[in-house]
Amino acid sequence: MTTREELVQRAAALVPTLKERAAETEERRQALPETIEDLKAAELIVAAQPPCYGGLGLDFDVVFDVATELGRGCGSTAWCYSIWASHNWLLGLFPKPAQDEYWASDPNTLASTSFNPFRGKAEAASGGYRLSGHWDFSSGCDAAQWVLLIANGPETPVMLLLPRSDYSIEDTWFVSGLKGTGSKDILVDDMFVPEHRTVPMPLMREGMAPGRDVHNTANQRIPQQCILPFTLASPILGMARGAVEFFEARIQHGSSAREGNPLSEVPSYHLRLAESSAEVWAALSIMQRDCREIMERAHRDELPSINDRARYRRDHAYVARLSVRAIDRLFEASGGHSLYDSSPMQRFHRDAHAASHHVGLSWDTLAEQYGRVRAGLEPDRRLV
């Protein structure tokens with residue numbers, strides 16, 4: 001049986017190849033087919049999906065450990081991987097008929113998503129919903145056979161699963177960072193979605209989605225918002241690890257362009273490397289501690305308190321914040337050569353900043369909510 005440690009090692013082994021492909025991935029504006037095949041061959045996509053559908057059934061948080069490895073090589077690939085693998089965890093929360101359809105032909109089936117409900121509408125219909133709308137930022141959609149969308153239903157927001165034949169993709173992804181994620185727009189025009197391919201969001205948020213009765217493992221008992229945003233933070237952490245490694249190698253072997261003095265003797269570089277590496281490992285420790293706690297609670301079938309939820313949401317944003325700060329400090333000291341397209345440092349810098357703009361990692365929003373809860377006030381719905 002494949003272990004967590006083996007999966008992380010397989011991800012690490014892909015890093016040199018991802019570095020070589022990073023520029024082409026940006027140029028193509030989507031994950032490369034050969035990279036996707038590498039992710040599948042290493043069993044990374046199926047890490048947390050149910051074994052009865054060809055998955056490894058490992059605890060969901062293994063996805064984040066893998067993403068922090070892949071991010072060392074290519075931020076866009078790590079982002080797409082984390083998204084796809086997390087979506088296959090989400091599929092395990094759906095009713096069994098939906099899972100049967102989704103994995104009918106391939107355990108490595110891919111789904112993209114868009115979770116902004118405000119431009120989509122799900123109207124009640126006999127046996128399901130009629131769905132219409134426009135969703136943006138659907139990372140990895142070019143390679144996906146399905147899409148997961150959130151829309152406002154008659155009573156509550158609902159997550160809906162649609163096959164590729166039921167939606168179109170609008171190419172809007174011309175951006176400064178995460179260029180290789182292909183995070184384009186999804187258009188749906190009055191399509192019927194049967195009820196078995198839907199889950200009300202309140203059930204997701206309380207670890208009570210239908211898949212709990214299908215599989216009944218810890219992976220189906222996790223309140224969605226407690227853990228899912230690490231899907232976004234972990235690739236940024238991987239980028240920060242890659243930036244630290246690149247900077248360290250540069251000062252070990254480089255020399256000043258003007259004087260020819262070894263960079264290894266520059267005290268300011270020592271200080272910047274020390275602080276950035278400390279931030280990276282602090283972020284990694286926070287993420288792994290939170291994930292361990294979340295998974296242990298799920299194994300005991302216990303729900304986290306509102307204070308714990310506020311802390312997890314704070315930490316999602318803080319892991320990203322620490323990672324971006326670590327990259328910025330090194331980029332500032334990397335000189336003019338770091339601006340060339342050939343430099344991994346400029347790509348880490350652009351990709352990390354682009355990723356940190358995701359609304360799910362908004363420090364101001366989530367820090368405010370943490371403060372409200374700790375002050376004894378009620379949070380708003382953004383927390384849960």
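Each residue takes its place number in the sequence, starting with 1.
Within the 6.0 Å centre-distance limit, the rings of His353 and His349 are counted as a close aromatic pair. Taking the six-membered ring wherever Trp is involved, the centroid distance between the rings of Tyr269 and Phe247 falls below 6.0 Å.
Between Phe230 and His316, the angle of the ring planes goes over 60°, which puts this pair in the perpendicular group of the 30/60° scheme.
When all heavy atoms are compared, the tightest approach of Pro50 to Gly92 is CG-CA, 4.3 Å. Of all non-hydrogen atoms in Met345 and Phe246, the two that sit nearest each other are CE-CD2, 3.7 Å. The heavy-atom pair separating Met239 from Ile327 by the smallest distance is C-CD1, 3.9 Å. A pairwise comparison of heavy atoms in Cys52 and His215 identifies SG-CE1, 3.6 Å as the closest pair. Scanning all heavy atoms of the two residues, the minimum distance from Ala42 to Arg10 falls at O-NH1, 3.0 Å. When every heavy atom of Ser338 is checked against every heavy atom of Phe331, the shortest pair comes out as OG-CE1, 3.8 Å.
Judged purely by atom type and a 3.5 angstrom limit, Thr109 has no side-chain atom pairing as donor or acceptor with the backbone of Trp103. In this structure, Asn88 contributes its side chain and Val46 its backbone to no donor-acceptor pair below 3.5 Å. Put simply, the side chain of Thr25 never gets that close to the backbone of Ala31: no donor and acceptor are under 3.5 Å apart. Judged purely by atom type and a 3.5 angstrom limit, Gln145 uses its side chain to pair as donor or acceptor with the backbone of Ala143. Looking at Asp351, its side chain does come within 3.5 Å of a backbone N or O of Leu178 through a donor-acceptor pair. Judged by distance alone, with hydrogens and angles left aside, the side-chain atoms of Ser276 form no donor-acceptor pair with the main-chain N or O of Leu273 at under 3.5 Å. Distance alone, capped at 3.5 Å, places no donor-acceptor pair between the Glu275 side chain and the Ala326 backbone. A side-chain donor-acceptor contact under 3.5 Å links Thr231 to the backbone of Leu228. Looking at Arg212, its side chain does come within 3.5 Å of a backbone N or O of Gly207 through a donor-acceptor pair. In this structure, Arg350 contributes its side chain and Ser176 its backbone to a donor-acceptor pair below 3.5 Å.
Of the inter-residue distances, the one linking Leu271 atom CG with Arg329 atom CZ reads 10.0 Å to the nearest 0.5 angstrom. Remark: Met208 CE to Leu203 CG distance equals 7.5 Å, nearest 0.5 Å. Here the CG atom belonging to Leu322 is positioned 11.5 Å from the CG atom belonging to Leu284, to the nearest 0.5 angstrom. Once rounded to the nearest 0.5 Å, the distance linking CG of Leu32 with CZ of Arg21 reads 6.5 Å. The OG atom of Ser342 sits 9.0 Å away from atom NE2 of His337, with the distance rounded to the nearest 0.5 Å. To the nearest 0.5 Å, atoms CZ (Arg221) and CG (Asp301) are separated by 5.0 Å.
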Handout entry: Derivation and outcome, side-chain contact (heavy atoms from CB on, under 4.5 Å), residues Thr365 and Arg313
Key = CA-CA 10 Å; Thr365 297; Arg313 296 295 284 122; over 6 Å; no

Practice task
Please step through side-chain contact (heavy atoms from CB on, under 4.5 Å) for the pair Ile227 and Trp89, ending with a clear verdict.
Solution key: CA-CA 11 Å; Ile227 200 168; Trp89 167 70; 4.2 Å; yes

Practice task
Applying side-chain contact (heavy atoms from CB on, under 4.5 Å), run through Met201 and Met159 and close with a yes or a no.
Solution key: CA-CA 6 Å; Met201 288 308 298; Met159 184 179 290; 3.8 Å; yes

Practice task
Show the numbers, then the answer: is there a side-chain contact (heavy atoms from CB on, under 4.5 Å) between Ile294 and Asp61?
Solution key: CA-CA 9 Å; Ile294 292 166; Asp61 64 310; over 6 Å; no

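Within a 6.0 Å radius of CD in Glu27, other residues, nucleotides and ligands contribute 12 heavy atoms or fewer. Atom CD of Gln346 has more than 12 neighbouring heavy atoms from other residues, nucleotides or ligands inside a 6.0 Å radius. Around atom OH of Tyr340, no more than 12 heavy atoms belonging to other residues, nucleotides or ligands sit under 6.0 Å away. Remark: Glu378 CD is loosely packed, at most 12 non-hydrogen atoms of other residues, nucleotides or ligands lying under 6.0 Å away. For NZ of Lys121, the number of neighbouring non-hydrogen atoms (other residues, nucleotides, ligands) closer than 6.0 Å is 12 at most. Counted within 6.0 Å of CG on Asp190, heavy atoms from surrounding residues, nucleotides or ligands total more than 12; the atom is thus considered enclosed. No more than 12 heavy-atom neighbours from other residues, nucleotides or ligands sit within 6.0 angstrom of CG on Asp189. Around CZ of Phe137, the count of heavy atoms belonging to other residues, nucleotides or ligands within 6.0 Å does not exceed 12.
Side-chain contact check for Arg29 versus Asp171: some heavy-atom pair is nearer than 4.5 Å. When side chains are defined from C-beta on, Glu43 does not count as touching Glu6, because their heavy atoms never get closer than 4.5 Å. Proximity of Ser76 to Arg28: side-chain heavy atoms (C-beta onward) are nowhere separated by under 4.5 Å. When side chains are defined from C-beta on, Asp315 counts as touching Arg289, because their heavy atoms get closer than 4.5 Å. Side-chain contact between Arg309 and Val373 is absent, with no heavy-atom pair separated by less than 4.5 Å. With contacts defined as side-chain heavy-atom distances shorter than 4.5 Å, the pair Trp363/Arg314 qualifies. Inter-residue side-chain proximity for Asp185 and Trp173 is flagged as unmet; no heavy-atom pair is nearer than 4.5 Å. When side chains are defined from C-beta on, Leu161 does not count as touching His196, because their heavy atoms never get closer than 4.5 Å.
Defined by atom type and a distance below 3.5 Å, a donor-acceptor pair is missing between the side-chain atoms of Asp38 and Thr35. Under the 3.5 Å distance criterion, with hydrogens and angles disregarded, a donor-acceptor pair is assigned to the side chains of Gln220 and Thr217.
Residues Glu248 and Arg241 are not paired through a salt bridge, judged by the lack of any N-O separation under 4.0 Å between the basic side chain and the carboxylate. A salt bridge does not link Glu368 with Arg372: every distance from a Lys NZ or Arg NE/NH1/NH2 to an Asp or Glu carboxylate oxygen is 4.0 Å or more. Between Arg311 and Asp308 there is a salt bridge, with a side-chain nitrogen of the basic residue lying less than 4.0 Å from a carboxylate oxygen of the acidic one. For Arg72 and Glu69, the salt-bridge test passes: some basic side-chain N is under 4.0 Å from an acidic carboxylate O.
Following chains of ILVMFWY side-chain contacts shorter than 4.5 Å, one cannot reach Leu232 starting from Tyr318, and the two form parts of different hydrophobic clusters. Criterion: ILVMFWY side-chain heavy atoms under 4.5 Å apart, direct or through other members. Under it, Val66 and Trp79 are not part of a common hydrophobic cluster. Hydrophobic clustering keeps Leu39 apart from Ile83 (ILVMFWY residues linked when any side-chain heavy atoms are closer than 4.5 Å, directly or through intermediates). Under a hydrophobic-cluster definition in which Ile, Leu, Val, Met, Phe, Trp and Tyr are linked whenever side-chain heavy atoms come within less than 4.5 Å, directly or via other members, Trp146 and Leu90 are assigned to the same cluster. Linking ILVMFWY side-chain heavy atoms closer than 4.5 Å, directly or via other members, places Val324 and Leu70 in two distinct hydrophobic clusters.
With sequence neighbours excluded, no residue forms a salt bridge (Lys or Arg N to Asp or Glu O under 4.0 Å) with Asp364.
For the pair Arg197 and Phe94, the cation does not sit on the ring face, since its NZ or CZ is not both under 6.0 Å from the ring centre and inside 45° of the axis.
Ile186 forms part of a hydrophobic cluster together with Tyr129, Leu131, Trp135, Val147, Leu149, Val158, Leu160, Leu162, Tyr167, Ile169, Val188, Met191, Val193, judged by ILVMFWY side-chain heavy-atom separations under 4.5 Å.
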